[in-house]
2 protein chains.
Amino acid sequence: MLNSEARQRVLDVAERLFAERGFRAVTLKDIAGEVGIRHASLYHHFPRGKEQMFIEVTERNMHRHRAGIESAIAAYGDVRGQLKAVAGWLLSQPPIDLIRMTHSDMPAIDATEAWRLSELAAETMIEPIHTLLQSGQARGEIEHGDLGVIAGGVLGMIGSLHSVPEDIFTYNNVPVDRAAMAHTLIDVMLDGLIKRE
Amino acid sequence: MLNSEARQRVLDVAERLFAERGFRAVTLKDIAGEVGIRHASLYHHFPRGKEQMFIEVTERNMHRHRAGIESAIAAYGDVRGQLKAVAGWLLSQPPIDLIRMTHSDMPAIDATEAWRLSELAAETMIEPIHTLLQSGQARGEIEHGDLGVIAGGVLGMIGSLHSVPEDIFTYNNVPVDRAAMAHTLIDVMLDGLIKRE
DNA sequence: GTCTATACGCAGATAGAC
DNA sequence: GTCTATCTGCGTATAGAC
């Protein structure tokens, strides 16, 4: 059985840990420990070891993100609603740290695989948002040219909210609400900070 | 001599490597190798080992960033110029990955130190931009309330540009220019994507 | 599919010579 | 200030029993 129940449990744990800490910072014992087996048993499911796990897990993660992002977009008809829905999805998932992927995870694995995964990440994360913006432009909702760059910027902006610690209080004693922050940022992106007459 | 020439060379290398790869992914041999000494010699300068190096190096990095950001701001009188200057500074430096700091670096060191460094990072990176925006608001340049959140968003947006690979060409055969991308994003942030009549 | 046992190398750290 | 030598523990990986 190529995708047994046990194998799935391993993938689930590994996906979360790799997403949170990155390739190098996760050990096989961490994964095995959370699954509830010995680390040597992982080699039964992934004979080529940690790197194989990371690659499979990253692919699975990307496919799930693509589905999540696209269904968020499909639920709304306007750019504002769509962007906020995408933000809601992204904040419901473990962080995807593209900086770490580029500078730390990818250099640690086989170069060909690294290139392929980087491409996959770009297609998964940026392309749907880019398309969303282009459709909005076609409908006359928004103007401006560099929608590819802007898609990346939106993504970075939303993703950075993962670094604000949750379930604590800010210095104003206001509880942190990442979704509300995302809405604020998207509104600014759409309406601009400069006063309109 | 507390801050000898040799110690500074170690700090320089360590600062770059920790900034690029994070605490766990950097080994003492990596650092010693680039300095040109044996890893055991590092303990002469940093008796408490890797964690001491990381803490000192992070503090130094933050102090340099605060100076760089503040002098960028001081060079301009308007929000648009100031934000672009800050972006220029940030893109001239090794990436500061706040997501990785939060989810990977900080959990790996002493909790008290981790908390202190997280505070320092927030003060260094967010506070000057927050202040910049408040001044712009006071001058009547911009409107809107949640300037703290917006400062964080700008930072995340600019920082994410560190994950676009440089010295390659995009799929359009257009060379990557991070500074130009940053300017595009800042203009969008100020003017908004929505058409103005 | 999971286990125990084991090999091997690497990372962090210490002692003491020069 | 830097070295060599050495210790200890951990992380990856393999072999083979159950």
Side-chain angles (χ1 to χ4, degrees), chain A residues 1-58 100 104-111 113-114, chain B residues 1-58 100 103-111 113-114 117:
Chain A
M1 193 62 120
L2 203 78
N3 266 348
S4 66
E5 160 96 38
R7 197 173 196 275
Q8 289 300 321
R9 276 206 313 278
V10 172
L11 279 174
D12 289 338
V13 170
E15 183 174 322
R16 184 170 48 77
L17 291 182
F18 280 135
E20 283 172 0
R21 303 187 208 158
F23 181 69
R24 299 194 222 214
V26 175
T27 71
L28 298 186
K29 283 184 184 173
D30 292 338
I31 297 169
E34 292 210 20
V35 174
I37 59 179
R38 299 280 155 172
H39 71 281
S41 308
L42 296 174
Y43 287 89
H44 174 73
H45 304 290
F46 303 91
R48 303 224 319 283
K50 188 180 175 181
E51 181 161 331
Q52 183 187 2
M53 295 182 65
F54 180 77
I55 291 169
E56 282 197 39
V57 133
T58 303
R100 190 200 60 211
S104 175
D105 294 343
M106 293 307 149
I109 68 172
D110 171 76
E113 291 297 322
Chain B
M1 193 61 120
L2 202 79
N3 265 348
S4 67
E5 161 97 40
R7 198 173 193 275
Q8 290 299 321
R9 278 206 311 279
V10 172
L11 279 173
D12 289 338
V13 170
E15 182 173 324
R16 185 170 48 74
L17 292 182
F18 281 134
E20 283 171 359
R21 303 186 209 159
F23 180 68
R24 299 194 222 216
V26 175
T27 70
L28 297 185
K29 284 184 185 172
D30 291 337
I31 297 169
E34 292 210 23
V35 174
I37 60 178
R38 300 281 158 171
H39 74 281
S41 308
L42 296 173
Y43 287 87
H44 174 72
H45 304 290
F46 303 90
R48 303 224 319 282
K50 189 181 177 182
E51 182 162 329
Q52 183 186 4
M53 296 182 66
F54 180 76
I55 291 168
E56 281 197 37
V57 134
T58 303
R100 190 199 62 213
H103 290 89
S104 178
D105 293 344
M106 292 307 148
I109 67 173
D110 172 75
E113 291 298 322
L117 290 180

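Here is the naming used below: chain letters follow the sequence lines, and residue numbers restart at 1 for every chain.
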### Summary
The single option from A:Val13, A:Ile31, A:Val57 that satisfies side-chain contact (heavy atoms from CB on, under 4.5 Å) with A:Val26 is A:Ile31

Check residues 34-49 of chain A and write down every donor-acceptor pair under 3.5 Å in which the side-chain atom is one partner and the other belongs to a residue at least two apart or another chain.
| unit_1 | atom_1 | unit_2 | atom_2 | d |
| --- | --- | --- | --- | --- |
| A:Glu34 | OE1 | A:Arg16 | NH2 | 2.5 |
| A:Ser41 | OG | A:Arg38 | O | 3.4 |

### N/O (side chain, A:Ser41) to phosphate O (OP1/OP2, C:dC3) under 4.0 Å
yes

### Query
Under 4.0 Å: is that the gap between some side-chain N or O of B:His45 and OP1 or OP2 of D:dT2?
yes

### Query
When we call it a touch if two heavy atoms are under 4.0 Å apart, what does B:Val10 touch: a base, just sugar-phosphate, or nothing?
nothing

### Task
Rounded to the nearest angstrom, tell me the gap between atom CZ in B:Phe46 and atom C1' in C:dG12.
15 Å

### Query
Does a side-chain N or O from B:Ser4 land closer than 4.0 Å to OP1 or OP2 of D:dG1, or not?
yes

### Query
Do any side-chain nitrogens or oxygens of A:Arg7 fall under 4.0 Å of OP1 or OP2 in C:dT2?
no

### Task
Mind listing the closest non-hydrogen atom pair of B:Arg21 and B:Arg100 along with its distance?
C-NH1, 3.6 Å

### Query
Rounded to whole angstrom units, what separation is found between the CZ atom of B:Phe23 and the C1' atom of C:dG12?
10 Å

#### Entry: Nucleotide C:dA11, atom C1' - distance to CG of B:Leu42 in whole Å
12 Å

### Query
When we call it a touch if two heavy atoms are under 4.0 Å apart, what does A:Val35 touch: a base, just sugar-phosphate, or nothing?
nothing

### Query
Under 4.0 Å between a side-chain N/O of A:His44 and OP1 or OP2 of C:dG1, yes or no?
yes

### Message
Please report the distance, rounded to the nearest Å, between CG in B:Asn3 and C1' in D:dG1.
### Response
15 Å

### Query
Looking for any heavy atom pair under 4.0 Å, which part of the strands does A:Arg9 touch: base, sugar-phosphate only, or nothing?
sugar-phosphate

### Query
Any idea which of D:dT12, C:dA11, D:dG1 is nearest the B:Lys29 side chain?
C:dA11

### Task
May I have the distance from B:Ile31 (atom CD1) to C:dA11 (atom P), rounded to whole angstrom?
12 Å

### Query
Rounded to whole angstroms, how far apart are CZ on B:Arg24 and P on D:dG11?
10 Å

Under 3.5 Å between N/O atoms: give me all the protein pairs with nucleotides 13-18 of chain D, atom names plus distance.
| unit_1 | atom_1 | unit_2 | atom_2 | d |
| --- | --- | --- | --- | --- |
| D:dA13 | OP2 | A:Tyr43 | OH | 2.8 |
| D:dA13 | OP2 | A:Lys50 | N | 3.3 |
| D:dA13 | O5' | A:Tyr43 | OH | 3.2 |
| D:dA13 | N6 | A:His39 | NE2 | 3.2 |

### Query
What is the minimum heavy-atom distance between B:Asp105 and B:Gly22, and which atoms define it?
OD1-CA, 3.6 Å

### Message
Ignoring hydrogens, what is the shortest heavy-atom contact between B:Asp110 and B:Glu51? Give both atom names and the distance.
### Response
N-OE2, 3.0 Å

### Message
I need the minimum non-hydrogen distance between B:Ser104 and B:Arg24, along with the two atoms involved.
### Response
O-NH2, 3.5 Å

### Query
What orientation do A:Phe18 and A:Phe54 show, parallel under 30°, tilted 30 to 60°, or perpendicular over 60°?
perpendicular

### Task
Output yes when at least one side-chain N/O atom of A:Arg38 is less than 4.0 Å from OP1 or OP2 of D:dT12, else no.
no

